[in-house]
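This is a predicted model, so every value here is computed, not measured.
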Amino acid sequence: MKVRRRLSANRFYLGFILFTIFALLVSACGSSPAAPAGDEQSAAPAAGSAAAAPTGLKEVPRNRTFKLMLGGREGQHIDHELWNPYAIGSNHQTGPNIMYEPLAFYSAFADKEIMWLAESYQYNEDHTELTIKTRQGIKWSDGVDFTAEDVAYTFDTLKDLGSAVRWGVDVQTYVESAEAVDEQTVLIKFKVPAPRFFSFVSYKFDIGVYIVPKHIFEGQDWTTFKAFDLEKGWPVTTGPFTVVAASPQQKIYDRRDTWWAAEQGLAPMPEMERIVQLPSTQEQQAAQAFITNEIDMGFTMDPATFPTIFEQNEKIITHSGREAPYGYLDWWPISMYVNTEHAPFDNPDIRWALSLFIDREQVVEVGWSGANTISRLPMPPYPPLQRYFDASADLLEKYNTSEYNPQKAGELLTKAGYTKNAEGKWVDAQGTQLKLEIMVPAFLSSMGLVIVQQLKEQGIDVVPSDPPDFIDRFTKGDYQAAFFGHGGSVNDPYFTLRLYQGASKAVPGDHQSNFSRWSDPEYDAIVDQVYVTPMDDYATLGSLFHDAMAIWLPALPDIPLTELYHRIPYNETYWTNWPTADNPYVNGASWHLTFEMVLWNLKAVEK
């Protein structure tokens, strides 16, 4: 995919405007902007001033210690005692993704399914039953056998809890029962054909069902149980690392002496003996930590930051080496969300007018330093999904989501009852200016503030902010507008379509949720048809996708903007064999559910 690199002629002007807006934004918030979903970047001490390892832990040299900067708020971990991924407030991205292994992994980059805790699975002929065979010889870290009982218990409990916990709605909607037939066999019976259920439970990006230990979780309230007690060895895991210390300053994981996957020849034993997870800092501090080799990995960065890092540390690379776009195309295309339950944004003409006011080419050139591409639909243009873009090509020509046309936007606002006053401001019949209060997370601020300025210049009163409770407000629908992405499809259209079903409004957390609060009964029915259609019935799926987009595009529940590139610095001072374009075994994000694959693939530089 060709990435734009040409800078616009008026970049200096916009840079000055953005600097002014950003200063006002930070001042209004009273704190540094924070990234969502556990990847918050806010003011913190430099990495080198992090707390020393707690007393009582063994000494591990730096060349066997993997230092990761991830998570936290205002320079501290706030979830260091929360290791149950289903508890309210928990986030698998900041540690549980290392502790809870899946039935299977799926690498979108390798387009490969890797069976894991499950050895195999088989549907019956009409996809109303699924039989899962679990592997033998796996133990939880407290010595208790991992069996089919853990799997059946996980699904059965999710079915009972429903919307009270993450993934509960998805399981409750389709699962009739989950039973351990014997120690290695789970039989799941569905209410309707469910040909993509195993794909749903497999780990990919931020989608996948966490299998929990029945002997610890049974009898607990999943919404409040923390699963944390170091004296008891909690959290228990089947993975290669255990938590040995957790505090606001750092989370520390030590490698276990044995690991079933290494013993069975599925993966090598990780070469790092310890992982130290530090709270995220502002980007300038994180860049300095890379330059001085204080950390090996961190969060995604702005493309403008990389030349400075490269100049001062020759060991820093990215997925694309040391060349733009400094990363890879993520599954998370970015939109401007507007809350469709709140007037006037419940009117699709208003949403389309906002879209038509946005010059996306300028957003790419200025907001992303040219190192990005425009998004037309809320799913990434990965090869397995391209057929669905093609299926809706006629609709995208009619409803061009990337069109910049202020005149047409003005006509839509006039149709909605707005007029432009003498000052060039759009006002309603009472003379009140059209106002947009928009939340701008820090890691999207360079892009977001370009759009803020564009809308201001078109006569809309735009008020940007980055509240510390961004995620909580956004996921509960307590917002007017926000910049955020989509965690949906990777190789099948269902998971993006699912984001806009009415039932998805009840999904807790920030994954597979209906953030725009839009719904349409006819659309819902089409998506239900998609769910029961086999994943390889491309002709039927293409037709259904077209039908769904024929409803979605005129309504425009959220406003597509650009793709997201994960620009993650990788430090080769101590570790090599990072996932790159030349070695794309999996996406590299440490906050995704496939991160364990990165850990066992990394190689120590010093043997």
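- For the residue pair Thr305 / Glu283, a side-chain donor-acceptor distance below 3.5 Å is found, with atom types taken as modelled.
- Shown here is Gln312, whose CD atom has more than 12 heavy atoms of other residues, nucleotides or ligands within 6.0 Å.
- By the 4.5 Å heavy-atom criterion applied to side chains, Lys603 and Glu271 are counted as neighbours.
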Asn91 vs Asp79, side-chain hydrogen bond (donor to acceptor under 3.5 Å, both in side chains): CA-CA, chis, key distance, verdict: CA-CA 8 Å; Asn91 186 349; Asp79 57 357; over 6 Å; no
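- In this structure, Lys251 forms a cation-pi arrangement with Trp83, its terminal cationic atom sitting closer than 6.0 Å to the ring centre and no more than 45° off the ring axis.
- Shortest non-hydrogen contact noted between Asp206 and His92 is OD1-NE2, 2.7 Å.
- Under the 4.5 Å side-chain criterion, counting only non-hydrogen atoms from C-beta, Tyr494 is not in contact with Ser489.
- A side-chain donor from one of His215 and Asp142 sits under 3.5 Å from a side-chain acceptor of the other.
- Listed for the Asn313 side chain is no donor-acceptor partner under 3.5 Å among the backbone atoms of Ile309.
- No donor-acceptor pair closer than 3.5 Å links the side chain of Thr134 to the backbone N or O of Leu117.
- Enclosure of atom NZ in Lys112 is not indicated, since only 12 or fewer non-hydrogen atoms of other residues, nucleotides or ligands lie within 6.0 angstrom.
- Partners of Tyr337 according to the ring pair (Phe, Tyr, Trp, His ring centres under 6.0 Å) rule, which considers only residues two or more places apart in sequence or in another chain, are Phe474, His486, Phe515.
- Crowding of Gln386 atom CD: a count of heavy atoms from other residues, nucleotides or ligands under 6.0 Å exceeding 12.
- In summary, the aromatic rings of Tyr388 and Tyr382 are positioned with their centroids too far apart to meet the 6.0 Å limit.
- A side-chain donor-acceptor contact under 3.5 Å links Thr238 and Glu101.
- Rounding to the nearest 0.5 angstrom, the gap separating the CZ atom in Arg73 from the CD1 atom in Ile78 is 4.0 Å.
- Taking the six-membered ring where the residue is Trp, the centroids of Trp260 and Trp116 are separated by under 6.0 Å.
- Panel note: side chain Arg135, backbone Gln184; no donor-acceptor pair is recorded below 3.5 Å.
- In plain terms, the two heavy atoms of Tyr203 and Val209 that are nearest each other are CE1-O, 3.6 Å.
- A donor-acceptor pair under 3.5 Å is absent between the side-chain atoms of Lys315 and the main chain of Tyr574, judged by distance alone.
- A donor-acceptor pair under 3.5 Å is absent between the side-chain atoms of Arg64 and the main chain of Ala604, judged by distance alone.
- Checked against the 6.0 Å centroid threshold, Tyr326 and Phe310 count as a close aromatic pair.
- In this structure, Trp332 has its ring center at least 6.0 angstrom away from the ring center of His592.
- A salt bridge is absent between Asp150 and Lys214: the closest approach of a Lys/Arg side-chain nitrogen to an acidic carboxylate oxygen does not fall below 4.0 angstrom.
- For Phe443 and Phe299, the gap between ring centers is short of 6.0 Å.
- For the 3.5 Å distance criterion, the side chains of Asp330 and Asn587 fail to qualify, holding no donor opposite an acceptor.
- Side chains of Asn491 and Asp111: a donor-acceptor N/O pair is absent below 3.5 angstrom, by distance only.
- Using a distance-only test at 3.5 Å, with no hydrogens or angles considered, no donor-acceptor pair links the side chain of Glu606 to the main chain of Asn63.
- Inspection of the Asn577 and Asn583 side chains reveals an N or O donor paired with an N or O acceptor under 3.5 Å.
- Closest heavy-atom contact between Phe198 and Ser202: O-OG, 2.8 Å.
- Using a 3.5 Å distance cut-off with no hydrogens or angles, the side chains of Ser446 and Trp368 do not pair a donor with an acceptor.
- Interatomic distance, Phe483 CZ to Ser445 OG, rounded to the nearest 0.5 Å: 10.5 Å.
- Residues Leu593 and Tyr100 form no side-chain contact, since every pair of their non-hydrogen atoms from C-beta on lies 4.5 Å or further apart.
- Looking at Ile211 and Leu103, their side chains come closer than 4.5 Å, going by heavy atoms from C-beta outward.
- Here the straight-line distance linking atom OG1 of Thr594 with atom CD1 of Ile207 works out to 12.0 Å at 0.5 Å rounding.
- A donor-acceptor pair shorter than 3.5 Å can be found between the side chains of Glu113 and Tyr121.
- Evaluation of the salt bridge (charged side-chain N to carboxylate O under 4.0 Å, His left out) rule for Asp229 yields no partner, not counting sequence neighbours.
- No side-chain N or O of Gln250 forms a donor-acceptor pair with one of Gln277 less than 3.5 Å apart.
- Within the 4.5 Å cutoff, the side chain of Pro240 has no heavy atoms near those of the Arg256 side chain.
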Run Lys67 and Asp296 through salt bridge (Lys or Arg N to Asp or Glu O under 4.0 Å) and show every step you take. CA-CA 5 Å; Lys67 289 196 172 184; Asp296 303 304; over 6 Å; no
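- Residues Thr562 and Val364 are in side-chain contact: their nearest non-hydrogen atoms beyond the backbone lie under 4.5 Å apart.
- With Asn84 contributing its side chain and Phe225 its backbone, the two residues share a donor-acceptor pair below 3.5 Å.
- Between the side chains of Thr292 and Glu294, at least one donor N or O lies within less than 3.5 Å of an accepting N or O.
- Judged as a side-chain contact (heavy atoms from CB on, under 4.5 Å), and not counting sequence neighbours, the contacts of Met269 are Arg255, Trp259, Ala262.
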Working note: Tyr86 + Phe217, criterion ring-ring contact (aromatic ring centres under 6.0 Å, His included); need CA distance, chi angles, decisive distance, verdict. CA-CA 11 Å; Tyr86 293 107; Phe217 276 63; 7.3 Å; no
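- Phe228 has its side chain out of reach of Leu82: every pair of non-hydrogen atoms, C-beta onward, lies at least 4.5 Å apart.
- With Ser141 contributing its side chain and Thr237 its backbone, the two residues share a donor-acceptor pair below 3.5 Å.
- Under the ring pair (Phe, Tyr, Trp, His ring centres under 6.0 Å) criterion, Tyr153 pairs with Trp222, not counting sequence neighbours.
- Taking the six-membered ring wherever Trp is involved, the centroid distance between the rings of Trp331 and Phe205 falls below 6.0 Å.
- In this structure, Lys226 and Trp234 have side chains that are not in contact, with every pair of non-hydrogen atoms separated by 4.5 Å or more.
- Atom-to-atom distance recorded for Ser590:OG and Met297:CE is 4.5 Å, nearest 0.5 angstrom.
- In this structure, the side chain of Arg62 engages the main chain of Thr65 through a donor-acceptor pair within 3.5 Å.
- Under the ring pair (Phe, Tyr, Trp, His ring centres under 6.0 Å) criterion, Tyr570 pairs with Trp578, not counting sequence neighbours.
- Between Phe66 atom CZ and Met272 atom CE the span is 5.5 Å, to the nearest 0.5 Å.
- A distance of 11.0 Å separates OG1 in Thr147 from NZ in Lys139, rounded to the nearest 0.5 Å.
- Listed by chain and number, the residues in a salt bridge (charged side-chain N to carboxylate O under 4.0 Å, His left out) with Asp472 are Lys476 (sequence neighbours excluded).
- No donor-acceptor distance shorter than 3.5 angstrom exists from the side chain of Arg360 to the backbone of Thr373, with no hydrogens or angles considered.
- Of the N and O atoms on the side chains of Asp582 and Thr580, not one donor lies less than 3.5 Å from an acceptor on the other residue.
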